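To start, the structure under review is shown below, and the notes come after it.
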Amino acid sequence: MMSKLNFERIENEFYIWYLGSIILNIFLAKEGVKNLPKERETHKELFFEYLDKIDNIKQFSSFL
């Protein structure tokens, strides 16, 4: 399935950000993070917003 998405083509870059966003959303939900954003202008923006949330979790956990 992954090879059929043809990630090498710039037109298909959307799939990379979309899949990454889904994976990060699942991870954050398992960590108990609530009120996760579901929509942004692009999935790339959503992906980086989820990464920011993970960075916040890491910073908070370093204080514990």
Side-chain angles (χ1 to χ4, degrees):
M1 180 183 132
M2 298 297 276
S3 64
K4 290 185 185 226
L5 291 175
N6 193 8
F7 289 132
E8 290 90 26
R9 296 186 62 194
I10 195 70
E11 301 89 30
N12 296 335
E13 184 179 287
F14 160 81
Y15 293 115
I16 295 168
W17 301 114
Y18 183 76
L19 290 171
S21 295
I22 290 172
I23 291 166
L24 292 178
N25 182 286
I26 292 168
F27 171 78
L28 289 166
K30 283 185 146 190
E31 291 295 312
V33 177
K34 300 200 186 280
N35 301 322
L36 292 172
K38 300 286 186 210
E39 295 182 22
R40 289 294 177 256
E41 186 71 26
T42 67
H43 281 90
K44 186 175 182 178
E45 291 175 11
L46 187 60
F47 177 84
F48 284 108
E49 189 162 338
Y50 287 158
L51 282 182
D52 287 342
K53 289 197 176 288
I54 291 172
D55 285 342
N56 289 338
I57 292 170
K58 287 179 7 185
Q59 288 176 354
F60 179 72
S61 66
S62 68
F63 290 116
L64 299 176

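These figures come from a predicted structure and were not determined experimentally. Every heavy atom of this structure was used, including side-chain atoms; hydrogens, water molecules and symmetry mates were not.
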Please determine whether residues I54 and I23 belong to a single hydrophobic cluster, defined as Ile, Leu, Val, Met, Phe, Trp and Tyr linked transitively by side-chain heavy-atom distances below 4.5 Å.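 No, no single cluster joins them.
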Measuring from atom [atom1] of [X] to atom [atom2] of [Y], what distance do you get when rounded to the nearest 0.5 angstrom?
X: L51; Y: L46; atom1: CG; atom2: CG; value: 10.0 Å
X: T42; Y: Y18; atom1: OG1; atom2: OH; value: 13.5 Å
X: E49; Y: N25; atom1: CD; atom2: CG; value: 11.5 Å
X: H43; Y: L19; atom1: NE2; atom2: CG; value: 9.5 Å
X: K34; Y: L36; atom1: NZ; atom2: CG; value: 10.0 Å

Parallel, tilted or perpendicular: rings of F48 and W17 (30°, 60°): tilted
The test is side-chain contact (heavy atoms from CB on, under 4.5 Å); show your working for L28 and I57 and say whether it passes. CA-CA 9 Å; L28 289 166; I57 292 170; 3.6 Å; yes
List the atom of Y50, the atom of S21, and the distance in Å for their closest heavy-atom pair.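 Between these two residues, the closest heavy atoms are CE1-O, 3.3 Å.
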